[in-house]
Structures are given as structure tokens and as C-alpha cells.
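No experiment lies behind these values; they were computed from the predicted model shown. Per chain, numbering begins at 1; letters A, B, ... match sequence-line order.
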Number of protein chains: 2
Amino acid sequence: MWEKKDVQGLIKDALARKETLVLGASCEINYSGRAESQLARGDRVILIKSDGALLVHQPLGNAPVNYMKPGTAHTVHSEKDQLVLKSENLQQKEFLDVFVHAVHFFNSHKLEDGQKIILQGNEADMADMIYKQPDLIEKGFKPVSQEEQTKYGYVDVLGVDKEEVLTVVECKRYCADLAAVTQLRRYVERLMASKGLKKVRGILAAPKITANAQKMLEDWGYAFVSVEPPKYLERYNKSQKGLGEF
Amino acid sequence: MWEKKDVQGLIKDALARKETLVLGASCEINYSGRAESQLARGDRVILIKSDGALLVHQPLGNAPVNYMKPGTAHTVHSEKDQLVLKSENLQQKEFLDVFVHAVHFFNSHKLEDGQKIILQGNEADMADMIYKQPDLIEKGFKPVSQEEQTKYGYVDVLGVDKEEVLTVVECKRYCADLAAVTQLRRYVERLMASKGLKKVRGILAAPKITANAQKMLEDWGYAFVSVEPPKYLERYNKSQKGLGEF
DNA sequence: GGGGAGAGATGCCGC
DNA sequence: GCGGCATTTCTCCCC
């Protein structure tokens, strides 16, 4: 069993040495900043990183229940037989207090990691794919140069159709919703205004589209094209193919 | 120093007992699912929860670099003197492999927490505040009943101005952007169509608005009203007030 | 540093 | 389950 008095010293040392520290504890938590929160006593994992980032995780779920951004300063002290962790981010004007009732585990270690994650299959990769295979949109669709594209804002793919009508393609890697249609509409209107054109086509490229979004799309004279983002479920699809061969 | 062979057993036991486990290790990570990622060798903290959620944190930054959702199954085994953690979520068709080179620390514990966070100062609270103090929008603004509100969709506050013109108020707790204006526009148009009205006013209530959004708002004949969400920087403001008294 | 938009977004609530 | 939308969104990129 961990003595709170000992843990107080361990946390203090770990913070001073800029180590990453992990604390499993029964605690109460209060936060005040962009909003306010209270969390009554329960078991949580608290992670503090060398850049000052703090995360509080409950035993279930994906997202942290409380957190503080990098750049936060942390101090520990004792208060009426309680271990108190105070976190302040003065730039962000945010505050978080952890009142520790019991410590389940503690660890700290200097962690070294210069690697960056390589991620493939995002929306930019999807736009690249369409650039290289414009038939995915429709026959006769010709993308224009990348430079032209950035010039007129954040349009994913800009091109002309087989009748040389300027066409905006907005990519979504998920099921397209109302917001996606609104976004496409904004781009089309912006282009019509900036280029003084009467007709600019709008195409939404996504694996799926909701019924409401489809309706709004049609109301505005735009079109939907079903396109799967690259690398989507790649390993699953391979394993299924493997099974199918037997 | 931790022996990988020992840690393999510890992880296996912790998973079997549905404990929360924390692993500090040098590792490589590959992911395939909705996208694909590779992460070369480096030190990270890996958190696995009793519901199967997995989080991988690098030593810096707020967000996890890799993760798996609740419902994921985890197994450990040895492969060429390497400890390998394999995570599979068959419902989501997602896979994640962790190749452990060295273990810096490990802990596992059964965590109990039935508490839910209480958060105040979100957008719904902001809408409530406007309902109770309609003068925050403008003199003569009268909100209509909550039931009426839900009937026509997700309008934050629906009311009438001093000249009895139907008015949609969209709240944002942050600096309002182009998407916020588009959203307001969508609600106004939806209401005009469903009620057959020629004029419906649109008001964007937020602490700030970007210059572009302000312009688009004016182009469409809508208005901006500066409103701070409740509980915003409460503790900071109190401390400042305290200082000012001296 | 602000603005704009994506995210392996996630999570919540409604129907 | 899908749909619509907020999030203490966060993060990245570009100006």
C-alpha cells in the first residue's frame, strides 16, 4: 500500500525531473477554465507529461474525463491528511485541483520519443487519389493544377467537367452530412462570386451520404459520388480475401 | 529493470482480471482500420481499460497518438525475443499491434468509479441563460416555449423580436466562424420554408466572431450579439477581482 | 497568432 | 441503429 506522504515526495521529484508520471488513485477533481466541472470521489488514472499536459482517465471510456493542456504547472502539497495536486495554466487561465484520498499505484520515468506517426488514408490522400484517377468522379472530369487549387481557398479538388464547366469536389472520408453539403455550397458560391461565373458545379465525394444531405444536395443542384478513402479497412479486407481463397 | 517475460504474464493476468493496466515501454506501433498508421520505436505510455479501450501516449502533447475503442480484445505473446501486444476490434474491423522492445514500468489495478462528471458552462447552459435573460440578445426579444423549439429541429433559442418577427438564435461558446454562420443560415431557411414565412431573423450569439464570418453574416442580413458563456473563466475572474480589492 | 478545416475525431441525445 | 451537433473539442497548415 502506498503512503500518501511518500507519494507526495515521489510526485514532487518526478515533476522536478520532468519525468512522465502515472498515478492510480481514488480522488475528487474540480476544474475551472473555459467551463467548470466537479467530479466526486472515484478511482482514476492520472497521467502527467514532461510538457505539463495532464490527463485524467476513468476506468471506462475512450476520452479523458478531465485534462489540462501542455504548458500547465503542477504542484503537490498536503492538506488535512489529504494529498492535493494543483494544476494551473495561467496563459489559458485554467485551474484543476485533484484531491487524493488513496493511492493505488504510482510510476514515473524519463521517456524519450522523437518519432512522428505516419498516417495514411486521410482526406488529403483521398483528394490525391482523385487527382490521379479523375474517372472516380466521372468520365471526362479533369482536375486543374494544384497551385490553382490553393489560390481559391480550401477546395479539395478543383477541375472542369467534360463540357469545361468549373467543378468543385469536396471530399469526406466518412458518411457525408448536412454540414458537408453546406460547406460545398459555400465553396461553389465563393467561386462563382470571385470568378464572376454563372454556373459552377459542386460534387460531394464520400463513401456514403445521409438521406437529408442527399435531399439538400439535390435542392441545390449538386451531385454525390460514392468514393472510398484509400487504405480504408485494408487489413480487414486482406484477411477476408485470404479466407475467401480457401 | 523489467523482464519482458515477466511482464507478459503480468499483462495476461491483468487482462484476464479486467484490471486497468499501465505500461511504460519502448515500442513500435502499427494500426489498420479506418486508416493506417505506423509509428517507429520510441518511449510511450500505454493504458488499457477494463472495457477494452486502449490509449497510447507519447511523452508530449494532449492527444493519444494511437488508440482503440472500448470493446477491443487484447492478447500478448512473445515473438523473437519481443513482447507483442495485439489488439483487435472485430465490430469496427480495426487492428493495432504493439511491438515492445523494453519495459520501463508496469502497473495494474482494479479501479472502481461510478461517478459522472458534472460540467457547467456548455452551449445548452448558454441557451438557458438567454432564455432567462432575453435582454442579452436585445431589448424586446421574447423566447418562445421550449417545446416549440424542438419541433423545428435543433435551434438553440427560438423567439420573436419586439416587432413580433420570428428570430433564430444560434449560440457558440467560442469565437464564431464561417461554419457557425452557415449553420444559422440553414436554420433560418428551414424555418422560412416550413412556416411559409418571408422574413425570419437570424442572430449569432457568441463571445467573438471572426472578420470573415462577420462579413458573411452581414451579407445574409443576420446579426451578431456578443454573449459570454456562463461559468467562463470563473475562478480566474474571481482571483482577479480579489487582487483588485487591494 | 488568427483563421479555416480535418479528425482513425468522440460523445450525447434524439427519433 | 442513424442523424444531427457540441466538444474545456484538438491538431495541423497556412497566411
Side-chain angles (χ1 to χ4, degrees), chain A residues 31-37 53-54 56 61-70 72 89 91-96 116-117 119-127 150 153-156 170-180 182-183 186-187 190 208-213 229 231-234, chain B residues 31-37 53 56 61-70 89 92-96 116-117 119-127 150 153-156 170-180 182-183 186-187 190 208-214 229 231-234:
Chain A
Y31 157 77
S32 177
R34 284 166 290 175
E36 274 199 25
S37 75
L54 176 146
V56 182
N62 223 345
V65 64
N66 275 120
Y67 56 91
M68 294 288 276
K69 288 185 179 170
T72 301
N89 191 317
Q91 295 89 41
Q92 308 259 348
K93 303 172 183 172
E94 302 208 299
F95 305 86
L96 184 133
K116 282 196 67 173
I117 193 168
L119 200 141
Q120 300 150 72
N122 54 13
E123 204 191 71
D125 294 331
M126 199 173 161
T150 55
Y154 301 85
V155 174
D156 287 333
E170 174 59 29
C171 302
K172 290 296 168 202
R173 61 188 314 289
Y174 52 86
C175 181
D177 55 11
L178 290 174
T182 326
Q183 193 181 352
R186 190 145 44 89
Y187 294 153
R190 189 193 291 177
K208 286 194 301 179
I209 186 165
T210 67
N212 279 347
K231 297 286 179 184
Y232 188 74
L233 303 185
E234 183 125 306
Chain B
Y31 157 78
S32 178
R34 284 166 291 173
E36 274 197 25
S37 74
V56 182
N62 219 349
V65 65
N66 276 118
Y67 55 91
M68 294 289 277
K69 288 183 181 173
N89 192 316
Q92 309 258 347
K93 302 173 184 174
E94 301 208 299
F95 305 87
L96 184 133
K116 281 196 68 174
I117 193 168
L119 198 142
Q120 300 151 74
N122 55 11
E123 205 191 70
D125 293 332
M126 199 172 158
T150 55
Y154 302 85
V155 173
D156 287 333
E170 173 61 29
C171 302
K172 292 293 170 202
R173 60 191 314 290
Y174 52 85
C175 182
D177 56 13
L178 290 174
T182 324
Q183 193 182 350
R186 188 146 44 89
Y187 294 152
R190 189 192 292 177
K208 285 195 303 179
I209 186 166
T210 67
N212 281 345
Q214 174 76 54
K231 298 284 180 185
Y232 187 73
L233 303 185
E234 183 126 306

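Rounding to whole angstrom units, CD of residue B:Glu123 and C1' of D:dA6 are separated by 6 Å. Nucleotide C:dG3 holds its C1' atom 9 Å from the CG atom of B:Asp177, rounded to whole Å. Here the P atom of nucleotide C:dG4 and the CZ atom of A:Arg186 are 8 Å apart, to the nearest Å. In this structure, the CD atom of B:Gln183 is 12 Å from the P atom of D:dG4, given to the nearest Å. Between B:Ile117 atom CD1 and C:dC12 atom P there is a gap of 11 Å when expressed in whole angstrom units. We find that CD of B:Glu94 is positioned 8 Å from P of C:dT10, with the value rounded to whole Å. In this structure, the CZ atom of B:Arg190 is 11 Å from the C1' atom of D:dG3, given to the nearest Å. Rounded to whole angstrom, the span from the CG atom of B:Asn122 across to the P atom of D:dT7 amounts to 6 Å.
As judged by a 4.0 angstrom heavy-atom cut-off over every strand, B:Val155 is placed among residues making no nucleic acid contact. B:Glu170 comes within 4.0 angstrom of sugar-phosphate atoms only, judged by non-hydrogen atoms across all strands, and of no base. Using a 4.0 Å heavy-atom cutoff across all strands shown, B:Tyr31 reaches at least one base atom of the nucleic acid.
The side chain of B:Lys69 places no N or O atom within less than 4.0 Å of a non-bridging phosphate oxygen (OP1 or OP2) of C:dG8. The side chain of A:Arg34 contributes no N or O atom lying less than 4.0 Å from OP1 or OP2 of D:dA6. The shortest distance between the side-chain N/O atoms of A:Tyr187 and the OP1/OP2 oxygens of C:dA5 is below 4.0 Å. Contact between the side-chain N/O atoms of A:Thr210 and the OP1/OP2 oxygens of D:dG4 is found at a separation under 4.0 Å.
When each of B:Tyr154 and B:Ala124 is assigned the nucleotide of DNA chain D with its nearest heavy atom, B:Tyr154 is the one assigned upstream, toward the 5' end. Of the residues near DNA chain C, B:Asn212 and B:Tyr67, the one whose nearest nucleotide (by heavy atom distance) lies more toward the 5' end is B:Asn212. Comparing B:Asn62 and B:Lys172 against DNA chain D, the residue whose closest nucleotide sits nearer the 5' end is B:Lys172. Across the interface with DNA chain C, nearest-nucleotide mapping of B:Lys208 and A:Gly61 shows B:Lys208 to be the residue nearer the 5′ end.
With sequence neighbours excluded, the residues forming a side-chain contact (heavy atoms from CB on, under 4.5 Å) with B:Val155 are B:Leu158, B:Val168, B:Tyr187, listed by chain and number.
Separating the CD atom in B:Gln120 from the CD atom in A:Glu36 is a distance of 6.0 Å, to the nearest 0.5 Å. Distance check, rounded to the nearest 0.5 Å: CD of A:Glu94 to OH of A:Tyr67 gives 7.5 Å. The CZ atom of B:Arg186 sits 11.0 Å away from the OH atom of B:Tyr154 when rounded to the nearest 0.5 Å. Atom CG of B:Asn66 sits about 8.0 Å away from atom CG of A:Leu119, to the nearest 0.5 Å. Note that the CG atom of A:Asn122 and the OG atom of B:Ser37 stand 11.5 Å from one another [nearest 0.5 Å]. Atom OH of residue A:Tyr232 and atom CZ of residue B:Arg34 lie 7.5 Å apart, to the nearest 0.5 angstrom.
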Dot-bracket line, read 5' to 3' along DNA chain C, where crossing pairs take [ ] and | marks a partner on another strand, Watson-Crick or G-U under 3.5 Å:
|||||||.|||||||
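For a distance-only test at 3.5 Å, the side chain of A:Asn66 qualifies as a donor-acceptor partner of the base of D:dT8.
To the nearest whole angstrom, the two P atoms, one in C:dA5 and one in D:dT8, are 23 Å apart. Remark: the separation of the P atoms in C:dG8 and C:dG4 is 22 Å, to the nearest Å. Atom C1' of D:dT11 sits at a distance of 14 Å from the matching atom of D:dT7, rounded to the whole Å.
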Evaluate A:Thr72 against A:Leu54 for side chain to side chain contact (heavy atoms under 4.5 Å, CB included), listing each step before the verdict.
CA-CA 8 Å; A:Thr72 301; A:Leu54 176 146; 5.8 Å; no
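Screening B:Lys208, B:Met126, B:Gln183 against B:Lys172 for a side-chain contact (heavy atoms from CB on, under 4.5 Å) leaves a single residue, B:Gln183.
Nearest nucleotide to the A:Cys175 side chain, out of C:dT10, D:dG3, D:dT9: D:dG3.
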